[in-house]
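One structure is given here, and the rest of the page talks about it.
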Number of protein chains: 2
Amino acid sequence: MAIGIKISLNEGLFQRDPQSTALGQKIIKHSILLIDEIGFEAFNFKKLAVRMQSTEASVYRYFENKHFLLLYLVCWYWEWVSYLIDVNTMNIEDPKRRLEIIIHTLVSASQENPAIEYVNESVLHRVVVAEGSKAYHIKDVDEENKVGFFLNYKQLSAKVATVIEELDANFPYPHAFASTLFEMANNHIYFAEHLPRLTDVKVQQGNFEEVEGMLKYFAFRLLCKNSG
Amino acid sequence: MAIGIKISLNEGLFQRDPQSTALGQKIIKHSILLIDEIGFEAFNFKKLAVRMQSTEASVYRYFENKHFLLLYLVCWYWEWVSYLIDVNTMNIEDPKRRLEIIIHTLVSASQENPAIEYVNESVLHRVVVAEGSKAYHIKDVDEENKVGFFLNYKQLSAKVATVIEELDANFPYPHAFASTLFEMANNHIYFAEHLPRLTDVKVQQGNFEEVEGMLKYFAFRLLCKNSG
DNA sequence: TGTTCATGATAGCAATACTATTATTGAAAA
DNA sequence: TTTTCAATAATAGTATTGCTATCATGAACA
């Protein structure tokens with residue numbers, strides 16, 4: 001996997017670019033691990049500082065508060081998925097095949113070889129599955145949307161919507177179905193693990209094949225009139 | 001609308017049953033309004049007490065903390081939807097018609113005539129749309145699930161799954177699709193209002209017809225082979 | 001060599017999340 | 001009627017959280 005890919009994110013998300021310094025990278029690394037361990041509600045900058053052997057004040061120099069840090073991590077994740085989709089669908093013409101690859105990538109992004117040493121992609125995936133929706137279910141969603149904090153997610157969604165439109169030009173809900181694919185992928189992984197009666201798929205030891213199968217079933221039953 | 005319907009909820013959700021006293025009902029009423037106004041993160045028992053002209057300590061006698069209060073409200077909402085679905089599908093045999101009614105009820109539950117004076121159903125609906133997923137995206141989800149806090153939602157989901165199975169006995173994901181319907185209904189209302197590029201439907205002044213149309217389109221395209 | 005700038009160390013303050021104690025009230029029970 | 005009892009109000013208090021300010025240190029760099 002390429003070393004040196006740089007995930008570029010909206011500058012308003014942080015006070016100082018955490019990717020550009022050793023301390024910033026430590027913040028990213030340990031915040032992922034700590035949120036995964038204790039959950040976003042119990043997580044705070046004091047605990048993070050202790051864990052990474054730094055100080056609360058130093059963390060505040062990078063992120064305004066823990067909400068922005070979570071949003072940063074979530075954006076990072078979607079940007080990473082977006083990058084993987086681009087790489088994996090490069091030179092693939094057939095839209096059906098493209099959508100298959102998109103779904104596969106979406107579900108298995110966390111198992112790709114680590115690209116960046118300070119981000120444990122598979123732990124980050126767990127964090128996004130468990131806490132990701134809190135990044136946009138906030139009172140200030142409109143202000144934050146206005147300044148572009150959700151652009152990554154919207155662009156990724158638009159990219160997938162384009163493929164859906166290619167596949168079935170008459171399908172009336174391409175954007176909705178694109179975002180539903182993302183939401184379903186994460187939701188059903190969470191359900192399988194914690195509320196299994198809300199789904200029909202099983203997940204064990206990071207094996208998400210059944211989720212992938214389900215998403216493909218939904219996609220091709222909705223979009224392809226004659227395909228199994 | 002019937003007066004005196006009683007929403008019955010898991011007793012572990014509260015310290016003292018809020019439906020049984022005037023103060024408890026005031027807590028329900030004002031917490032819905034206040035969470036809607038300032039969002040769940042900014043909401044706390046001190047502000048609630050001031051708003052309802054009572055004291056913090058009194059609120060704590062009903063709910064252990066604000067998480068349990070939110071969970072209570074969410075459970076209340078799903079129990080209310082469940083009740084409406086039962087009433088509306090009573091004596092309807094055709095499973096296709098039943099599913100149509102379920103989807104309609106799901107989307108327009110908030111517009112039913114108020115049944116209980118201390119609950120503003122349409123504000124509660126906004127709260128569930130905006131904050132509902134925080135009720136189960138928590139570190140203690142497994143413990144809370146074990147003691148039955150999510151039973152309402154799971155039973156409702158099971159109820160809908162049954163109809164899906166009647167409609168298409170070979171459909172392999174009835175539970176997943178049932179919960180997806182609930183999640184989509186709320187998500188796309190939220191998207192339409194705050195992140196419109198993530199959906200294709202429009203919502204204005206509490207008119208959710210386009211959401212309803214979309215859910216029906218998904219449902220019948222997935223489940224009925226010949227109903228375009 | 002002096003300046004700049006990131007970080008560490010420490011302190012502090014206002015708000016939050018609760019708990020405890022006592023007083024009051026209003027309704028049920030005797 | 002009086003007693004008693006439970007629910008609530010009033011008040012206070014503690015530990016933690018969320019965040020800011022200040023100053024010292026030490027590396028980079030001009």
Side-chain angles (χ1 to χ4, degrees), chain A residues 11-31 34-35 37-73 118 131 134-135 137-140 143-144, chain B residues 11-31 34-35 37-73 118 131 134-135 137-140 143-144:
Chain A
E11 306 219 334
L13 290 171
F14 47 78
Q15 316 271 94
R16 196 196 305 292
D17 180 5
Q19 287 185 99
S20 70
T21 70
L23 184 66
Q25 295 176 4
K26 261 177 83 178
I27 291 174
I28 295 176
K29 176 176 178 175
H30 288 96
S31 63
L34 190 54
I35 292 173
E37 267 178 51
I38 65 177
F40 186 64
E41 272 65 46
F43 171 86
N44 64 38
F45 283 1
K46 178 75 194 160
K47 291 175 187 168
L48 174 60
V50 170
R51 165 68 69 100
M52 57 185 271
Q53 316 228 60
S54 177
T55 64
E56 213 182 341
S58 294
V59 179
Y60 274 102
R61 284 190 201 105
Y62 282 83
F63 291 101
E64 209 174 315
N65 55 46
K66 73 175 184 173
H67 161 66
F68 285 92
L69 174 50
L70 177 65
L71 188 52
Y72 181 91
L73 296 177
Y118 52 89
E131 317 283 3
K134 295 172 192 169
H137 280 114
I138 42 162
K139 202 61 191 173
D140 296 338
E143 287 81 1
E144 296 192 4
Chain B
E11 306 220 333
L13 290 171
F14 47 79
Q15 315 272 94
R16 197 196 303 291
D17 180 4
Q19 286 185 102
S20 69
T21 69
L23 185 66
Q25 295 175 4
K26 262 178 82 178
I27 291 174
I28 295 176
K29 176 176 179 175
H30 289 96
S31 63
L34 189 54
I35 293 173
E37 266 177 51
I38 66 178
F40 186 64
E41 272 64 45
F43 171 85
N44 64 39
F45 283 0
K46 178 76 195 158
K47 289 175 187 167
L48 174 60
V50 170
R51 164 68 68 100
M52 57 187 268
Q53 317 228 60
S54 177
T55 64
E56 214 181 343
S58 294
V59 179
Y60 274 103
R61 278 188 214 103
Y62 282 84
F63 291 101
E64 210 174 314
N65 56 46
K66 73 175 185 173
H67 162 65
F68 284 91
L69 173 51
L70 177 65
L71 189 51
Y72 181 92
L73 296 177
Y118 53 89
E131 318 283 3
K134 295 171 192 167
H137 281 112
I138 42 162
K139 202 61 191 172
D140 297 337
E143 287 82 0
E144 296 192 3

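Lettering follows sequence order; numbering is per chain, from 1. Because the structure is a prediction, the values reported are computed rather than measured.
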Practice problem: Give a yes/no answer on whether the side chain of A:Ser58 brings an N or O atom under 4.0 Å of OP1 or OP2 in C:dT7. | Solution: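 False: A:Ser58 side-chain N/O out of range (4.0 Å or more) of C:dT7 OP1/OP2.
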**Prompt:** Any side-chain N or O of A:Thr21 less than 4.0 Å from the OP1 or OP2 oxygen of C:dA6?
**Reply:**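 A:Thr21 to C:dA6 OP1/OP2: no side-chain N or O under 4.0 Å.
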Just by modelled atom types, is the B:Met52 backbone N or O under 3.5 Å from a matching donor or acceptor in the B:Lys29 side chain?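 Looks like no, no N/O pair under 3.5 Å.
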Proximity to the side chain of [X] - top-ranked nucleotide from [options]:
X: B:Tyr62; options: D:dT17, D:dT8, C:dA9; answer: D:dT8
X: B:Lys47; options: C:dT16, D:dT17, D:dA7; answer: C:dT16
X: A:Asn44; options: C:dA6, D:dT17, D:dT20; answer: D:dT17
X: A:Thr55; options: C:dA9, C:dC18, D:dA9; answer: C:dA9
X: A:Ala57; options: C:dT10, D:dT11, D:dA7; answer: C:dT10
X: A:Tyr60; options: D:dT8, D:dC19, C:dG8; answer: D:dC19

### Task
Using heavy atoms to find the nearest nucleotide of DNA chain D for B:Glu56 and B:Gly24 separately, return the residue whose nucleotide is more 5′.
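The residue mapped nearer the 5' terminus is B:Gly24.
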Using atom [atom1] of [X] as one end and atom [atom2] of [N] as the other, report the distance to the nearest whole Å.
X: A:Phe43; N: D:dT17; atom1: CZ; atom2: P; value: 13 Å
X: A:His67; N: D:dT17; atom1: NE2; atom2: C1'; value: 18 Å
X: A:Lys26; N: C:dG8; atom1: NZ; atom2: P; value: 7 Å
X: B:Gln15; N: D:dA7; atom1: CD; atom2: P; value: 13 Å
X: A:Phe68; N: D:dG18; atom1: CZ; atom2: C1'; value: 14 Å
X: B:Lys46; N: D:dA12; atom1: NZ; atom2: C1'; value: 11 Å
X: B:Phe63; N: C:dC18; atom1: CZ; atom2: P; value: 14 Å
X: A:Leu23; N: D:dT25; atom1: CG; atom2: P; value: 20 Å

Original post:
Starting at the 5' end of DNA chain C and moving along, which residue's nearest nucleotide shows up first, B:Arg61 or B:Lys66?
Top reply: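 Comparing both residues, the 5'-ward one is B:Lys66.
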Among A:Phe45, A:Tyr72, A:Phe68, whose ring pair (Phe, Tyr, Trp, His ring centres under 6.0 Å) with A:Phe63 holds?
->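 Only match with A:Phe63 under ring pair (Phe, Tyr, Trp, His ring centres under 6.0 Å): A:Tyr72.
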| said: Please enumerate all residues that pass salt bridge (charged side-chain N to carboxylate O under 4.0 Å, His left out) together with A:Lys134, with sequence neighbours excluded. | reply: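 Here the qualifying residues are A:Glu41, A:Glu131.
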- request: May I ask you to say whether B:Lys47 pairs ionically with B:Glu37, meaning some side-chain N is under 4.0 Å from a carboxylate O?
  value: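 A salt bridge is absent here (no side-chain N lies under 4.0 Å from a carboxylate O).
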### Residues, nucleotides or ligands: over 12 heavy atoms within 6.0 Å of B:Glu143 CD
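Yes, the 6.0 Å shell around CD holds more than 12 heavy atoms from other groups.
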